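Because the structure is predicted, anything quoted here is derived from the model rather than measured. Residue numbers start from 1 in every chain, and the chains themselves are labelled A, B, ... in the order their sequence lines are given, proteins ahead of strands. Worth knowing before you read on, the calculation uses all heavy atoms, side chains too, and leaves out hydrogens, waters and symmetry mates.
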There are 2 protein chains.
Amino acid sequence: MLIHEQMITSNNGRLDGIRLLTKIGKLYYEHHLTQQEIADDLCISRAKVSRLLHEARDENIVNITVTSPPGVHADLERHLETRFGLREAVVVEEDHWSSQDAVTRAIGIAAAQYLRRTLQDEDVIDISWGRTLSSMVDALTPRAAPESHIVQLIGGLGPPEAEVHATDLARRMASAIGCKLTLLPAPGIVDSQKAKQIMLSDQHVKRAFEMMPQLDVAYVGIGAPTPDSVVMQNGVVSCGQREALAALGAVGDIALRFFDAGGQPIVSEFNERVLGIALEQLKRVKRVVGLSGGPEKRHVVRAALKGGLISVLITDYRTACSVLNSN
Amino acid sequence: MLIHEQMITSNNGRLDGIRLLTKIGKLYYEHHLTQQEIADDLCISRAKVSRLLHEARDENIVNITVTSPPGVHADLERHLETRFGLREAVVVEEDHWSSQDAVTRAIGIAAAQYLRRTLQDEDVIDISWGRTLSSMVDALTPRAAPESHIVQLIGGLGPPEAEVHATDLARRMASAIGCKLTLLPAPGIVDSQKAKQIMLSDQHVKRAFEMMPQLDVAYVGIGAPTPDSVVMQNGVVSCGQREALAALGAVGDIALRFFDAGGQPIVSEFNERVLGIALEQLKRVKRVVGLSGGPEKRHVVRAALKGGLISVLITDYRTACSVLNSN
DNA sequence: TTCATGAATGAGCATTTGTTCAACCCTGAA
DNA sequence: TTCAGGGTTGAACAAATGCTCATTCATGAA
């Protein structure tokens, strides 16, 4: 304090503009005086100090820089956020592009951290299924939020013995968070419209569907119908169906709801037989967190973004670049 | 295996913290959101945003520097320009001679402003590496020049995990400018001539080298082989090598190409193992912007000027004086 | 398991900062 | 001289920020 006063009196008299800006900048940003203190010292009004500081920043006399350490892609994230109106984008640095598995794991970890960071008690959380979501649940470090509520948003998949997948995911997640749980005890896809009606009349199924309008957050995987995806492997979607969907323009799905390159729902017979949240309903959810990455996902991710299907994207560096570059 | 996975997880965990700090820093200081807005977007409390911002400043992820604007030392700049036949000299006012860091940052900021001022679309820009260049990239305010092209002019440095440095710099720069990018996917220095030949036959490496004759501008750091330089710290150059080079008269390097007090290239076994642009090639580039400053750089800056290795110099006041005074 | 300890969290409050607005000052023209 | 117009000024208010403190949470020892 005394030091500054001395400094100031030593060159009292007139400080030309730049000198004054520099001085104020240093006092404020380096010596951490308040604007009031500076004003008193220099005998000017506090409002003026505020204005001069603003000027100093404008004139680049005060420079503020934010560094992106290696592996952090804040600017890419920002691009994604503004370009697609996302609430948040998370871009992870994949270890080895070659391994889809590594990418999936990295995204899962990032998603788990995202969940941990954003989880609020009394959230109603929806969860679909897939390898990436499974990675996320694996990476979850327990955190209590007993008033939260996990809802399974699509029925089980494939033959009954594989059905654990969707259900198990929701269960493991609920147990990690220590919260309430509503399962959707039904197959994700049924054989006919009639079968769907019957399923829907089940009281437990009804309850799950009734939760959907109350959702706060949904965690969904963004899938591409490649031959080795879980959907295809489990025979949930047959080869023929896949081709039929492709013919209709489908580039991928969220919770078995297929959409085209513009992110618009595909209307099809298949769609009618799915037991789960619809894309229109999903869009109404406040926060939809989409997880996806790896070489095969570029186009789907882009489509989902275009269609505004998700509000938070967690993906890898290469996919992020590719999505931004392709027009 | 387990250890490895854990490593990745914990590494990622730390990264996420840094990621958050960076993100919040950018949102607050570059995009001027309020803490409340940031808190809402990221689903965390405002108090936490405030604390994280404080942390980001402490951790130097957010840097605030106060400097006099350029043009203050116009006379010095003119002297340098005429005496050494420079196209332009930029002299910045450093705050405290004692802190190499502050000097480096100030030069980085000036360089970023220079880049912004001179950048033309369709430029082919080359970039080496080092702390000063890193500061420059940090200070770059995004500006679109989509037809420009960044080329990495020397391979990655040090052990693979540190290799990000050179590559990351080029990447960040390209992303700030929003332009094309050619990386040089190889180590900056290899063990033997034979290894170099092998590397050179790689198609990506070839492509990077083929860009070099087309360069419009090169941004290079001018390095001094002091024990605490990045080169030495990363073990790129061993202690013995350094002494051997010194014995041959080396006073410093540009992109690992060492030269003597007269700015003449040092012929050595070391030189043969470097994967990057040669000094002779560099001289043919229309505009070579050299960044360097701080007490240890005086002699090397002078040498580079004498040898006509650079056509634009960005440095600090003290170094500029010292270079002009010593005959 | 249970408990203790120290760190992390967010609500609420006090301080600090940005901005508005009416008054004032300068400058040049009539 | 007056007057008009733009630009500055600081008082007062509104907004944003930092900080305190009670509470919760995680971690490690018993």
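OP1 or OP2 of dT17(D) has not a single side-chain nitrogen or oxygen of Ser50(B) nearer than 4.0 Å. The phosphate of dG18(C) (OP1 or OP2) has a side-chain N or O of Gln35(A) nearer than 4.0 angstrom. For dA16(D), the OP1/OP2 oxygens have no side-chain nitrogen or oxygen of Tyr28(B) closer than 4.0 Å.
In this structure, Arg131(B) does not pair ionically with Asp101(B), as no charged nitrogen and carboxylate oxygen lie closer than 4.0 Å. A salt bridge does not link Arg19(A) with Glu93(B): none of the charged nitrogens is closer than 4.0 Å to a carboxylate oxygen. Checked for salt-bridge contact, Glu88(A) and Lys23(B) meet the test: a charged N lies under 4.0 Å from a carboxylate O.
Residue Leu53(A) contributes atom CG, which lies 9 Å from atom P of dT17(C) at whole-angstrom precision. Rounded to an integer number of Å, the gap from Ile44(A) CD1 to dT9(D) P is 9 Å. If you measure from atom NZ of Lys48(A) to atom P of dC21(C), you get 21 Å, rounded to the nearest angstrom. Distance, His32(A) NE2 to dG18(D) C1': 14 Å, rounded to whole Å. Separating the NE2 atom of His54(B) from the P atom of dT20(D) is a distance of 12 Å, rounded to the nearest angstrom. As a whole-Å value, the separation of Tyr29(B) OH from dT17(C) P is 12 Å. The separation between Glu55(B) atom CD and dG18(D) atom P is 14 Å, rounded to whole Å. Per the geometry, CG belonging to Leu20(A) stands 14 Å off P belonging to dT8(D), to the nearest Å.
Comparing Gln36(B) and Arg116(A) along DNA chain D, the residue whose closest nucleotide (by nearest heavy atom) sits nearer the 5' end is Gln36(B).
For Ser45(A), counting side-chain heavy atoms from C-beta on, the closest listed nucleotide (dG10(D), dG18(C), dT16(C)) is dG10(D). Minimum atom distance to the side chain of Thr34(A) is reached by dT16(C), of the listed dG10(D), dT16(C), dG18(C). Ranking dG18(C), dT20(C), dG18(D) by closeness to the Arg57(A) side chain, first place goes to dG18(C). The listed nucleotides are dT20(C), dA12(D), dG12(C); the one nearest the side chain of Arg46(A) is dA12(D).
Between the side chains of Tyr29(A) and Arg57(A), at least one donor N or O sits under 3.5 Å from an acceptor N or O.
Between the side chain of Gln113(B) and the backbone N or O of Gly108(B), no donor-acceptor pair lies under 3.5 Å.
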